[in-house]
Amino acid sequence: MSFGSPPKADEIELALFGPGYGEAIAIHLPGGVWILVDSCIEPSSKQPAALHYLSKLNVSLNSVAAIVATHWHDDHVRGLGKLVQTCPKADLFLSSALNSTEAATFLSAYNGKISSNLSRGAREVGEAIAARAEYYWTQQRTIVLEKTALGVPISVVALAPVPAAFSRCLVAFAKNIPGVDSAMTHAPDLRPNIESIVLHIEVGAESILLGADLEENSKFGWSAIARNSWCQSRKPASAYKVAHHGGASAECSETWTNLLADQPVAALTPFAHGRVRLPSDDDRDRIRSRATRSFCASNASRKPRMDSRIAKRLSQISRGLQVLESGFGIVRLRKRANSEWSIETFGAAGPL
Amino acid sequence: MRSQTLAAIGRRLAHRPESGSFPSATLSSVKAVPLGTRATTPPQLHPLERQEVGSFGAQSAEVLPPLVENPLLDFAANTAPLEIWEGTVISVDLKRGFMEATLDACMSSMPMHTAEFDLEWVSDQDMDLVRPGAVFYLTLFKRSKPSIENAQELRFRRRPAWTKGEIQQIDRNAREILKKGKEAPLAKL
């Protein structure tokens with residue numbers, strides 16, 4: 001896959017990577033600064049997608065100023081450890097919902113150091129932490145990056161997680177901490193997701209909203225953010241990475257009215273895990289009604305990819321056989337001052 | 001050739017960083033269930049199999065239910081595996097009797113897949129292990145004796161319990177994790 005030339009020095013870029021299961025984002029800011037959000041694997045190179053992309057553009061990894069892991073779920077952190085190891089100047093940001101003894105014990109139990117394969121997500125976060133002497137807790141109002149470049153003020157701040165969510169997250173982690181003689185099991189995904197880091201990026205008069213996997217909840221989710229006066233004071237975003245793969249559990253009308261410009265450009269990655277398939281047809285219709293220019297990072301088919309003889313045998317004892325990572329794609333948005341977003345798709349990406 | 005292939009698969013599974021030693025014990029000690037039938041009440045555990053099972057640690061052979069007899073040599077001589085997958089349960093619906101799982105192929109480089117399995121394919125002795133996140137091994141193979149037939153085997157991985165030493169290590173690691181965390185500046189209201 002060829003990605004052309006890197007963004008110009010004064011150009012904003014949002015590149016959303018999606019292999020059908022997984023998500024990662026690369027943001028370019030004026031002055032040649034990159035921020036990477038989450039991580040997934042590019043299938044041909046088996047590398048973290050952002051690393052593969054930046055190397056294709058001949059971008060130095062020293063220009064990555066920050067790496068943000070929005071949460072610890074497997075589909076958002078594959079390759080995170082390697083990403084942090086290979087970007088030596090990037091500060092690492094983790095959700096403040098993990099800033100408790102209970103959460104740290106949870107991650108420590110499931111990160112594979114004592115017993116393997118209990119949680120890939122916890123393992124990747126553990127590797128990322130191990131690769132740094134320090135990392136930063138991130139909550140609402142945390143400044144990830146603030147500078148002026150080429151005369152343009154740049155601000156990258158977190159709108160979530162909200163502090164009110166921390167005690168609830170603590171309880172959820174505490175419930176899943178193992179005890180002596182308790183059965184060794186795999187780490188569950190804690191739902192709803194109220195621990196995700198949501199980022200708001202302002203570059204001059206432009207802004208972007210990255211919704212991560214935050215779900216709706218009146219106290220801890222999108223309603224709480226959209227009604228918060230400080231969050232409302234942020235510039236309405238003209239580009240939006242749709243929260244939680246476009247699923248209805250993350251839908252909140254006030255997100256669109258309070259945090260986003262009218263008819264923003266929207267991009268998302270799909271999610272399919274067993275019977276859960278996001279976005280659904282209704283989700284797509286809803287998003288398209290709000291953002292006529294909407295794109296999905298992977299539109300490829302999930303038809304099984306295996307020897308037909310084996311597929312036939314497997315189908316005799318199972319149902320709904322489908323490939324997990326349907327096809328890798330990238331949605332790329334670029335913009336310069338006083339111009340519209342230009343949109344490109346690569347690989348399996350396409351209109352929503 | 002077949003015994004070499006199966007032995008190699010067993011070694012490969014044993015050395016996968018995330019598999020531990022269970023799969024080789026599985027291949028040596030679990031009877032394949034012919035297509036369309038369920039596992040029946042198993043015979044007594046062979047002393048050698050009991051020793052292997054004991055290597056799990058805290059969970060001793062006395063705790064585990066007896067495994068069905070299936071000497072590895074017979075398995076190797078009369079069968080040819082088509083594929084072995086390491087499965088991870090995504091969700092379980094006990095009411096409707098099925099589980100969803102991801103399947104990661106062990107013998108080939110095929111990409112990961114997901115599928116739905118009726119719980120009737122899970123042996124009675126493994127039912128207590130069926131939960132989200134649980135790991136199982138699914139083998140599809142062809143048996144040549146006494147007659148040519150397709151068969152499959154689905155067995156769950158049984159992990160040991162957490163030990164006191166492991167819990168103490170977890171606590172120490174957690175303290176190390178937290179030590180590195182710093183507060184970043186907050187934007188003004």
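Naming: A, B, ... by sequence-line order, numbering from 1 per chain. The basis for the numbers below is simple: all heavy atoms, side chains too, and nothing from hydrogens, waters or symmetry mates.
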- prompt: What do the steps show when you test Leu140(B) against Leu314(A) for side chain to side chain contact (heavy atoms under 4.5 Å, CB included), and what is the final call?
  reply: CA-CA 8 Å; Leu140(B) 294 183; Leu314(A) 196 50; 4.3 Å; yes

field: Atom group of Glu166(B) that falls short of 4.5 Å from chain A, counting heavy atoms
entry: both

- line: Those residues at least two apart in sequence (or on a different chain) that pass salt bridge (charged side-chain N to carboxylate O under 4.0 Å, His left out) with Lys179(B) are Glu176(B)

task: Return yes if some donor-acceptor pair links the side-chain N/O of Arg305(A) with the main-chain N/O of Met112(B) below 3.5 Å, else return no.
output: no

- request: Could you have a look at Leu178(B), Ile177(B), Asp171(B), Thr114(B) and say which one has the most heavy-atom pairs with chain A under 4.5 angstrom?
  value: Thr114(B)

message: Ignoring hydrogens, what is the shortest heavy-atom contact between Trp137(A) and Gly181(B)? Give both atom names and the distance.
response: NE1-CA, 3.5 Å

field: Arg131(B) portion near chain A, given a 4.5 angstrom heavy-atom threshold
entry: side chain

- request: Evaluate the side chain to side chain contact (heavy atoms under 4.5 Å, CB included) criterion for residues Trp85(B) and Ile310(A): first the C-alpha distance (whole Å), next the side-chain angles of each, then the deciding distance (0.1 Å), finally the verdict.
  value: CA-CA 12 Å; Trp85(B) 289 270; Ile310(A) 295 177; 3.4 Å; yes

- request: Go through the atoms of Glu100(B) and report whether side chain, backbone, both or neither lie under 4.5 Å from a heavy atom of chain A.
  value: side chain

task: Please state whether the side chain, the backbone, both or neither of Leu82(B) comes within less than 4.5 Å of a heavy atom of chain A.
output: both

- request: List the steps and the verdict of salt bridge (charged side-chain N to carboxylate O under 4.0 Å, His left out) for Glu116(B) and Arg275(A).
  value: CA-CA 9 Å; Glu116(B) 214 171 88; Arg275(A) 289 193 168 195; 2.6 Å; yes

message: Counting only non-hydrogen atoms closer than 4.5 Å, does Ser91(B) touch chain A with its backbone (N, CA, C, O), its side chain (CB onward), both, or neither?
response: neither

task: For the residue pair His113(B) and Leu324(A), establish whether any side-chain heavy-atom pair is separated by less than 4.5 Å.
output: no

task: Measure distances from Glu146(A) to the heavy atoms of chain B and classify the residue's part below 4.5 Å as side chain, backbone, both or neither.
output: neither

task: Go through Pro132(B), Pro185(B), Ala101(B) and name the one with the most non-hydrogen pairs under 4.5 angstrom from chain A.
output: Pro185(B)

message: Could you measure the distance from the OH atom of Tyr135(A) to the NZ atom of Lys182(B)? Nearest 0.5 Å is fine.
response: 9.0 Å

- prompt: How many angstroms lie between atom CG of Asp307(A) and atom OG of Ser108(B), to the nearest 0.5 angstrom?
  reply: 9.0 Å

- request: Can you see which heavy atom on Ser318(A) is nearest to which on Phe117(B), and at what distance?
  value: CB-CE2, 3.6 Å

message: Looking at Arg132(A), is its backbone amide N or carbonyl O close enough to the side chain of Lys180(B) to form a donor-acceptor pair, meaning the two atoms are under 3.5 Å apart?
response: yes

task: Measure Ser100(A) against the heavy atoms of chain B and call it side chain, backbone, both or neither at under 4.5 Å.
output: backbone

Lys/Arg N to Asp/Glu carboxylate O, Asp181(A) vs Lys164(B), below 4.0 Å: no

- line: Looking only at Lys188(B), Gln168(B), Arg175(B), the option with the highest number of non-hydrogen pairs under 4.5 Å against chain A is Lys188(B)

task: Can you tell which part of Ala109(A) gets under 4.5 Å to a heavy atom of chain B, answering side chain, backbone, both or neither?
output: both

message: To the nearest 0.5 Å, what is the distance between CG on Asn150(B) and NZ on Lys312(A)?
response: 9.5 Å

task: Counting only heavy atoms closer than 4.5 Å, note whether Phe93(A) contacts chain B via side chain, backbone, both or neither.
output: side chain

For Phe328(A), ring pair (Phe, Tyr, Trp, His ring centres under 6.0 Å) partners two or more places apart: none

query: Given a strict heavy-atom distance threshold of 4.5 Å, which part of Ala134(B) is in contact with chain A: side chain, backbone, both, or neither?
result: backbone

task: Under 4.5 Å, counting heavy-atom pairs only, tell me which of Ala103(A), Ser229(A), Pro304(A) racks up the most with chain B.
output: Pro304(A)

- prompt: For Ile167(B), is it the side chain, the backbone, both, or neither that has a heavy atom closer than 4.5 Å to a heavy atom of chain A?
  reply: side chain

query: Which bit of Leu103(B) comes within less than 4.5 Å of chain A, counting heavy atoms only: side chain, backbone, both or neither?
result: side chain

query: Non-hydrogen atoms of chain B under 4.5 Å away: do they reach the side chain of Ile177(A), the backbone, both or neither?
result: neither

- prompt: When rounded to the nearest 0.5 angstrom, what is the spacing between CZ in Arg141(A) and CG in Leu189(B)?
  reply: 3.5 Å

field: When Gly126(A), Gly320(A), Pro178(A) are compared by non-hydrogen pairs under 4.5 Å with chain B, the top option
entry: Pro178(A)

query: Between the side chain of Trp230(A) and the main-chain N/O of Ala187(B), is any donor-acceptor distance below 3.5 Å?
result: no

task: Tell me, for Leu138(B) versus chain A, whether the close heavy atoms (under 4.5 Å) come from the side chain, the backbone, both or neither.
output: side chain

- prompt: When heavy-atom pairs shorter than 4.5 Å are enumerated against chain B, which of Ile143(A), Val144(A), Asp91(A) gives the highest number?
  reply: Ile143(A)

- request: Could you check which of Asp118(B), Leu154(B), Leu129(B) has the highest count of heavy-atom pairs closer than 4.5 Å to chain A?
  value: Asp118(B)

